[in-house]
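Every chain is numbered from 1 and lettered A, B, ... according to where its sequence line falls, protein lines coming before strand lines.
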Number of protein chains: 2
Amino acid sequence: MSREEKPNTAILSRALPRKKQGLSPCAACEVRHLAVCSALKTDDLDELDAILTRRDLSAGDTLFDEGEPARNVYNLTSGCLKLYKLLPDGRRQVTGFLFAGDFVGLANSDDYIYSAEAVTQVALCRFEKHKLDHLMNTHLSLEKRLLGMARFELVEAQEQILMLGRKTAMERIASFILMLSDRAQRRDEPADPVKLPMSRNDIGDYLGLTTETVSRTITRLRKNGIISLDSDRSITIKQRETMNDIAEGF
Amino acid sequence: MSREEKPNTAILSRALPRKKQGLSPCAACEVRHLAVCSALKTDDLDELDAILTRRDLSAGDTLFDEGEPARNVYNLTSGCLKLYKLLPDGRRQVTGFLFAGDFVGLANSDDYIYSAEAVTQVALCRFEKHKLDHLMNTHLSLEKRLLGMARFELVEAQEQILMLGRKTAMERIASFILMLSDRAQRRDEPADPVKLPMSRNDIGDYLGLTTETVSRTITRLRKNGIISLDSDRSITIKQRETMNDIAEGF
DNA sequence: CGATACATTGAGGTTTATCAATTTGTGTGG
DNA sequence: CCACACAAATTGATAAACCTCAATGTATCG
């Protein structure tokens with residue numbers, strides 16, 4: 001299963017706990033500003049630290065399965081995680097790819113409504129739901145932050161719905177690459193080249209296409225000089241304007 | 001545009017303000033328990049009433065357009081509203097149908113991320129965003145309620161994504177009819193027969209299909225004796241178990 | 001009751017899926 | 001470090017699902 005690149009230690013180390021003059025390890029977390037955790041003042045971070053457990057996954061590891069009781073929520077500090085749902089005959093829909101700073105488990109339910117599996121090596125902070133709920137009662141900013149994140153996820157879901165319902169294969173691929181680029185930028189990583197840590201199959205299951213169609217479409221973009229494929233599972237966007245036009249359906 | 005049935009006054013009246021021994025009109029609202037408004041105690045309802053404006057729409061009326069500054073949020077008290085996004089060439093994705101008790105505008109953005117149009121005659125309560133935000137600060141239950149609603153909408157969005165990405169036309173139609181049935185039941189309306197107030201075209205744009213495919217698929221369900229079409233834009237589910245199996249992809 | 005929009009049905013085309021073969025990439029062990 | 005084994009990606013040929021275009025039937029509303 002692990003056909004993945006070795007962990008990028010430079011990135012992994014960003015979220016490692018580093019004790020700094022008695023402050024909470026969270027204070028040193030380099031993705032804090034991206035995460036739920038930004039809701040708390042630096043002084044309150046030890047309360048957060050007290051209720052979390054850090055955990056690592058290797059590529060291919062399952063974090064939880066659809067249908068399990070949802071006792072925990074997670075904050076991803078590095079790597080890439082995929083969420084997916086299955087139909088009885090094995091058809092799979094990847095509902096999202098998560099990266100550093102992203103939160104797992106906002107969707108309300110007693111049980112997980114999707115499975116979560118590591119795409120690359122992954123580091124995360126685990127919170128027991130009830131403990132986080134309790135912390136929300138004393139720190140209202142935390143609740144506000146979660147509401148804000150939920151709203152943002154709703155906006156993204158609408159985009160995904162439009163893409164799946166009405167865009168062509170080419171438009172979906174362009175949208176997807178641009179989305180990964182935008183999200184990398186939001187994490188203070190370069191917008192270009194765009195890293196695609198997931199397999200063609202995963203991309204297909206995210207876009208409602210087959211592996212073959214994903215591959216053919218990417219090839220077509222490459223042959224038209226709109227993108228180029230780099231060696232290390234990343235893509236350079238040569239003509240961003242054209243990509244935007246394709247993605248938006250012009 | 002208004003090819004719609006005349007308003008169902010029995011339902012409309014459920015949300016009409018009725019002054020009852022000095023209580024807020026909200027206290028008499030029959031869909032309160034379904035709506036955001038259930039977050040407030042009866043005694044606090046006049047605060048809610050103070051910041052809302054009631055409004056009616058006829059079938060075909062536009063509530064707001066994608067891209068407009070999003071100053072208001074709404075609570076639907078009767079009728080059916082559709083939300084949709086457009087691509088430049090006119091392709092349309094209906095992202096949701098809303099009914100009594102549903103909230104419009106949870107998705108976070110300065111501008112509306114979709115257009116909203118009345119499918120039938122509609123009644124709603126309008127809140128200016130900043131006023132509701134302000135009320136949230138004094139009534140924390142309101143914020144909790146909104147977070148809960150956002151989470152629930154996220155769960156539904158995941159289902160919609162699975163449907164659009166991986167289900168066949170037949171499975172989508174079955175899922176759709178059952179969803180309308182479930183939601184009717186949640187509003188204390190009969191689960192069967194299921195009312196389909198929207199056009200085949202709207203259904204197609206919701207399911208990522210064409211009018212013709214929707215029509216053909218519904219015909220196929222009817223000819224197989226799984227559903228029957230009643231006169232008044234409603235459908236009786238003759239074999240609910242079969243429908244469930246189809247919808248889930250068995 | 002007539003006009004118009006909506007729904008249904010039919011014939012044929014297009015996109016994407018499926019099945020199959022080949023090439024490329026990746027990790028392992030010698 | 002190289003060779004091997006296996007997984008993933010690409011490419012090709014064919015098929016199926018759904019779309020498009022067109023005609024007909026049926027509600028609905030003035």
If only side-chain N and O atoms of A:Arg200 are considered, is one of them under 4.0 Å from the OP1 or OP2 phosphate oxygen of D:dT10? yes
If you compare every side-chain N and O of B:Thr211 against the phosphate oxygens of C:dA7 (OP1, OP2), does one of them come in below 4.0 Å? no
Tell me: CG of B:Leu221 to C1' of C:dT8, nearest whole Å? 15 Å
Treating B:Thr95 as the side-chain partner and A:Gln158 as the backbone partner, does any N or O pair qualify as donor plus acceptor under 3.5 Å? no
Any donor-acceptor pair, under 3.5 Å, between the side chain of A:Arg216 and the base of C:dT18, if you only look at N and O atoms? yes
Salt bridge or not between B:Asp205 and A:Arg166? Use side-chain N to carboxylate O under 4.0 Å. yes
For the side chain of B:Ala169, starting at C-beta, report the closest nucleotide among C:dA17, D:dC18, D:dC19. D:dC18
Looking only at heavy atoms, what is the nearest atom pair of B:Gly105 and B:Val73, with distance? O-CG1, 3.8 Å
Looking across every strand, which nucleic acid part, if any, lies under 4.0 Å from B:Leu209 by heavy atom: base, sugar-phosphate, or nothing? sugar-phosphate
Given DNA chain C, 5'-ward residue of the pair A:Ser231 and A:Val214, judged by closest heavy atom: A:Val214
Base, sugar-phosphate alone, or nothing: which one does B:Gly204 contact when heavy atoms must sit under 4.0 Å apart? nothing
Whole angstroms only, please: what is the CZ-P distance between B:Arg172 and D:dC19? 8 Å
For A:Leu229 and D:dA8, what is the distance between atoms CG and C1' respectively, to the nearest whole Å? 14 Å
Between C:dT15 (P) and A:Ile173 (CD1): distance, integer Å: 16 Å
What is the distance, rounded to the nearest whole Å, between atom CD of A:Glu212 and atom P of D:dA7? 17 Å
Between B:Asp192 and B:Ser181, is any side-chain donor less than 3.5 angstrom from a side-chain acceptor? no
Just N and O in the side chain of B:Ser215: are any of them under 4.0 Å from OP1 or OP2 of C:dT8? yes
For D:dA9 and A:Arg233 - does any side-chain N or O of the residue sit under 4.0 Å from the phosphate oxygens OP1/OP2? yes
Check this one for me: any side-chain N or O of B:Thr219 less than 4.0 Å away from OP1 or OP2 of C:dT8? no
